[in-house]
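Letters A, B, ... mirror the listed sequences (proteins, then strands); counts begin at 1. Excluded from the calculations below are hydrogen atoms, water molecules and symmetry mates; all remaining heavy atoms, backbone and side chain alike, are included.
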Amino acid sequence: MPPSSVRVRFAPSPTGALHIGGARTALFNWLFARHHGGTFVLRVEDTDQTRLQEGSVEGILDGLRWLGLTWDEGPDIGGDAGPYYQSERLEIYRDRLNQLAAADLAYPCYCTPDELAVRREEARAAGRAPRYDGRCRDLSPAERERRAAGGRRPVLRLRVPGDGETLVDDHIRGRVVFAHADLDDFIIAKADGFPTYNFACAVDDASMGITHCIRAEEHLSNTPKQLLVYRALGATPPRFAHVPMILAPDRSKLSKRHGATSVQEFRAEGFLPAGLVNYLTLLGWSPEGGEEMLPVARMVEQFTLERVGKNAAVYDVKKLRWLNGRYLREMTAAELVRAALPFLARRGFLPGAPSPAQLALLERAVPLLRERADTLDELAQGAAWFFQRPESYDPKGAAKHFADRAEARARLGLLAQSLEAVAAPWIHADLEAAYTALSTEQGVSRGALIHPTRLAVTGLTVGPGLFELMEALGSDEVLARLEAARRWLAREA
RNA sequence: GGCCCCAUGGUCUAGUGGCCUAGGACAUCACCCUUUCAAGGUGGAAACCCGGGUUCGAAUCCCGGUGGGGUCACCA
């Protein structure tokens, strides 16, 4: 793909974790940039000093990296359009602010937040739109001076034309018209001198040469304001594309009470970056061929804004799990071992730094385990029998397969005997042959041998194929567990 | 409440006036496979929000209604 002039950005505010909605927005921007051979810029929108959260930027960058969404310019790597923290771009805003004030395109407003809040409430109560009433709009220089002398720090408001309208030509939604009458003179600089979102965003997108602004739909109604800023500044706006929101299963905005919402949480639950990325891609976008599972390269190749839908998508963890499970099953045993290690350690099955022998053991178990796991944590969970001997036997299973204690004990003894005759290291085919022979010899079904064994060895009634399981565990361990089960049966009899 | 966006099965979606007896995927149900559980395979049930237009013909275009969402901060 030839390099192009496409420049897009993801501009998170460091007030928390990387939310899946934000991750999806970042992903679409990234996909768009990569598809067009353009540039993906990361910019930190930290103009609200009161809402900064310790470690948030690191968390967000980390989440993005984990997902594989690499950026070409950003806070940590710099770039020609820097700095990439808005808090470091104050001189730029100051300059533009002065420019607008000098041209009387913006004016100082001395109303306090409290006064504004009161008036807003009054308006709301009276059924009127809670908009700024413009009382500082035409203050004379003398009046301004008087208020300033009174100790009031003004904010700066953009002078919005009272009539006319602003057209947003959205790449996804088409032409959306906003009447200026519905807008008010919004604040572009706070009393502390920091710019507000609508101003900083426009200034930065313009000065950073952003060509396409791809963001969540919640920003659509901000767009006319930003367009007004561009106009006042005499700058050319980017092309806008507002992607649909991601909603919770009850169609409300996604929040904590809906379970995992941040990328970090999904990561901690054992989801794979490939699974999450693939799922997120399918939320609001669909490939031409309709395939569900796409490697990143294919997404990049296929991604266009034309195929982004308009309706909000309800996030469905079931499908995420299904996709994740498919990616899990596509990994090699070695990759899976490495990925599962932290989860195994967290459950106390393995030390954080396992020995080569433990690793080798694990590599034998993982192919068995992954067939019934959709996440890394589920895989770890399913590995319990592998690392620890059963402390008890599943009650329902015991009621069925250990009903007659004496008989079960005898049968397990018989089983142990014939297993001892199988040459170590065990191969599952040999084990199966031994079971088949014994079942013929004893005149019982294979199941009558298999089920009690499984219960004795794992304590469970469900799990991987018994013979593969025993092969992975090894003769010493299996025999020891069989013996332990017989002792238990003797005790319980 | 004002403004704005949206509307295909439970969920994600394909569909851009005839190819639609509306396709795919997840979930669900049944069956098959089978030593259990999964995985896998096969099959089933399941949708164009409603009402008006336009048109020979509408899921597709227009209008209205309804419903959902977003936004109206010195947050982003």
Original post:
Has A:S286 got a side-chain N or O lying under 4.0 Å from the OP1 or OP2 atom of B:A14?
Top reply: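 For A:S286, the contact criterion (side-chain N or O under 4.0 Å from OP1 or OP2 of B:A14) is met.
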Original post:
Between B:U35 and A:R454, is there an OP1 or OP2 to side-chain N/O distance shorter than 4.0 Å?
Top reply: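 No.
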Dump the pairs, protein N or O against N or O of nucleotides 25-28 of chain B, anything under 3.5 Å, distances to one decimal.
residue	atom	partner	partner atom	Å
B:A25	O4'	A:E292	OE2	3.1
B:A25	N3	A:K319	NZ	3.3
B:C26	O2'	A:K319	N	3.3

Please determine, for [N], whether a Watson-Crick or G-U wobble partner exists with both distances under 3.5 Å, and give it or none.
N     : answer
B:A73 : none
B:G9  : none
B:U35 : none
B:U16 : none
B:A59 : none
B:A45 : none

Rounded to whole angstrom units, what separation is found between the [atom1] atom of [X] and the [atom2] atom of [N]?
X      : N     : atom1 : atom2 : answer
A:W385 : B:C37 : CH2   : C1'   : 13 Å
A:N311 : B:G15 : CG    : C1'   : 13 Å
A:R215 : B:C4  : CZ    : C1'   : 14 Å
A:Q381 : B:C37 : CD    : P     : 18 Å
A:L455 : B:C37 : CG    : P     : 15 Å
A:L368 : B:U36 : CG    : P     : 16 Å
A:F240 : B:C5  : CZ    : C1'   : 16 Å
A:L183 : B:C3  : CG    : C1'   : 9 Å

Any donor-acceptor N/O pair, [X] side chain to [Y] backbone, under 3.5 Å:
X      : Y      : value
A:R131 : A:A181 : yes
A:N29  : A:I214 : yes
A:D316 : A:P249 : no

Subject >> Out of B:C37, B:U8, B:C5, whichever nucleotide has its closest atom nearest the side chain of A:V462 >> reply: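 Looking only at heavy atoms from C-beta outward on A:V462, the closest nucleotide is B:C37.
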Original post:
So which nucleotide from B:C6, B:U13, B:A14 ends up closest to the side chain of A:R307?
Top reply: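 Nucleotide nearest to A:R307's side chain: B:A14.
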Original post:
Do NZ/NE/NH1/NH2 and the carboxylate oxygens of A:D133 and A:R135 come within less than 4.0 Å?
Top reply: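 Between A:R135 and A:D133 there is a salt bridge, with a charged N closer than 4.0 Å to a carboxylate O.
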Original post:
Is any side-chain N of the basic residue among A:E122 and A:R119 closer than 4.0 Å to the acidic one's carboxylate O?
Top reply: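 Between A:R119 and A:E122 there is no salt bridge, as every charged N stays at least 4.0 Å from the carboxylate O atoms.
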Reckon [X] touches a base, only the sugar-phosphate, or nothing at all at heavy-atom distances under 4.0 Å?
X      : answer
A:G447 : nothing
A:G284 : sugar-phosphate
A:F467 : base
A:L282 : sugar-phosphate
A:V177 : sugar-phosphate
A:P244 : nothing

**OP:** Among A:D48, A:I92, A:D204, find the residue that satisfies the side-chain contact (heavy atoms from CB on, under 4.5 Å) test when tested with A:Q86.
**Re:**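 Of the listed options, the one satisfying the test is A:D204.
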Subject >> Closest-nucleotide 5' rank along RNA chain B - winner of A:R372 and A:A313 >> reply: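 The 5'-side residue here is A:A313.
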Original post:
Can the positive tip of A:R144 be found less than 6.0 Å from the middle of the six-membered ring of A:Y110, inside 45° of the ring normal?
Top reply: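 Judged by the rule (NZ or CZ under 6.0 Å from the ring centre, within 45° of its axis), A:R144 is not positioned above A:Y110.
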Original post:
Would the number of heavy atoms belonging to other residues, nucleotides or ligands and lying under 6.0 Å from CZ of A:R389 be above 12?
Top reply: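 Yes, CZ of A:R389 has more than 12 neighbouring heavy atoms, counting only those of other groups under 6.0 Å.
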**OP:** Report the relative orientation of the aromatic rings in A:F28 and A:F303; use parallel for angles under 30°, tilted for 30 to 60°, perpendicular for over 60°.
**Re:**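 Rings of A:F28 and A:F303: tilted, as their planes differ by 30° to 60°.
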Original post:
Taking the six-membered ring for Trp, are A:H212 and A:H171 parallel (under 30°), tilted (30 to 60°) or perpendicular (over 60°)?
Top reply: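 Ring orientation of A:H212 relative to A:H171: tilted.
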Separation between the [atom1] atoms of [N] and [M], rounded to whole Å:
N     : M     : atom1 : answer
B:G23 : B:A59 : P     : 14 Å
B:U11 : B:A47 : P     : 12 Å
B:U36 : B:U42 : C1'   : 22 Å
B:A14 : B:C6  : P     : 14 Å
B:U66 : B:G52 : C1'   : 14 Å
B:C49 : B:G67 : P     : 16 Å
B:G41 : B:G15 : P     : 25 Å
B:A58 : B:C75 : C1'   : 45 Å

**OP:** Indicate for each nucleotide in nucleotides 70-75 of chain B, in 5' to 3' sequence, whether protein heavy atoms under 4.0 Å reach the base (B), only the sugar-phosphate (S), or nothing (-).
**Re:** SS-SBB
**OP:** For the residue pair A:R446 and A:T436, confirm or rule out a side-chain donor-acceptor distance under 3.5 Å.
**Re:**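 Yes, A:T436 and A:R446 have a side-chain donor paired with an acceptor closer than 3.5 Å.
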Original post:
Who passes salt bridge (Lys or Arg N to Asp or Glu O under 4.0 Å) against A:R153, sequence neighbours left out?
Top reply: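 Counting only residues at least two positions away or on another chain, A:R153 forms no salt bridge (Lys or Arg N to Asp or Glu O under 4.0 Å).
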